[in-house]
Amino acid sequence: MKVMTSDITPEVTALALNVNVPAALQWKDSRRGQEFTLTTINVRMLPDGHLAAKAYGRPTGGGKGTYVRSSTILLPCLQSSNPRR
């Protein structure tokens, strides 16, 4: 195995995870009077060290449309190590 060395430090400008929620763990939520089954979670690391999470889903009654529920949390362990702060 060849190991590459360099004085150049890469800059990570985005980091995201897309998670498909197994059927047994999916949940339902309502928005504007319509019920949705939430099936996917997207988690992104923001430049300030926060994590933003969004849950995506489809109407339980069928049809087009996407539900998005957002949340942003701060992980204390990232505060001091984030070079962009």
Side-chain angles (χ1 to χ4, degrees):
M1 181 169 94
K2 187 175 181 177
V3 177
M4 197 166 102
T5 60
S6 174
D7 293 334
I8 300 171
T9 304
E11 179 181 350
V12 177
T13 58
L15 177 64
L17 298 171
N18 292 312
V19 180
N20 290 325
V21 180
L25 299 176
Q26 292 175 2
W27 70 99
K28 293 181 177 20
D29 201 357
S30 295
R31 183 174 187 182
R32 297 184 183 123
Q34 188 173 16
E35 185 179 70
F36 290 83
T37 301
L38 301 171
T39 58
T40 307
I41 299 172
N42 172 274
V43 180
R44 293 179 296 123
M45 182 182 291
L46 303 175
D48 65 359
H50 286 79
L51 291 180
K54 291 183 179 182
Y56 294 88
R58 296 208 176 273
T60 55
K64 295 181 181 177
T66 301
Y67 173 94
V68 179
R69 180 174 201 127
S70 298
S71 178
T72 301
I73 59 172
L74 177 65
L75 295 182
C77 63
L78 297 175
Q79 288 181 349
S80 61
S81 64
N82 190 328
R84 292 183 156 215
R85 287 194 139 188

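On a predicted model such as this, the values are computed, not experimentally measured, just so you know.
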Discussion item. What I'd like to find out is whether the side chain of Thr40 reaches to under 4.5 Å of the side chain of Asn42, using heavy atoms alone.
Written reply: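 Thr40 vs Asn42: side chains apart.
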Under 3.5 Å, which donor-acceptor pairs link side chains of residues 19-37 to any protein atom two or more places apart or in another chain?
| residue | atom | partner | partner atom | Å |
| --- | --- | --- | --- | --- |
| Gln26 | NE2 | Val21 | O | 3.0 |
| Asp29 | OD2 | Tyr67 | OH | 3.0 |
| Asp29 | OD2 | Arg69 | NH1 | 2.2 |
| Arg31 | NH1 | Val68 | O | 3.0 |
| Glu35 | OE1 | Thr60 | OG1 | 3.0 |

Practice prompt. Give every residue pair that meets the salt bridge (Lys or Arg N to Asp or Glu O under 4.0 Å) criterion with at least one member in residues 16-26, sequence neighbours excluded.
Written response: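 For residues 16-26: none.
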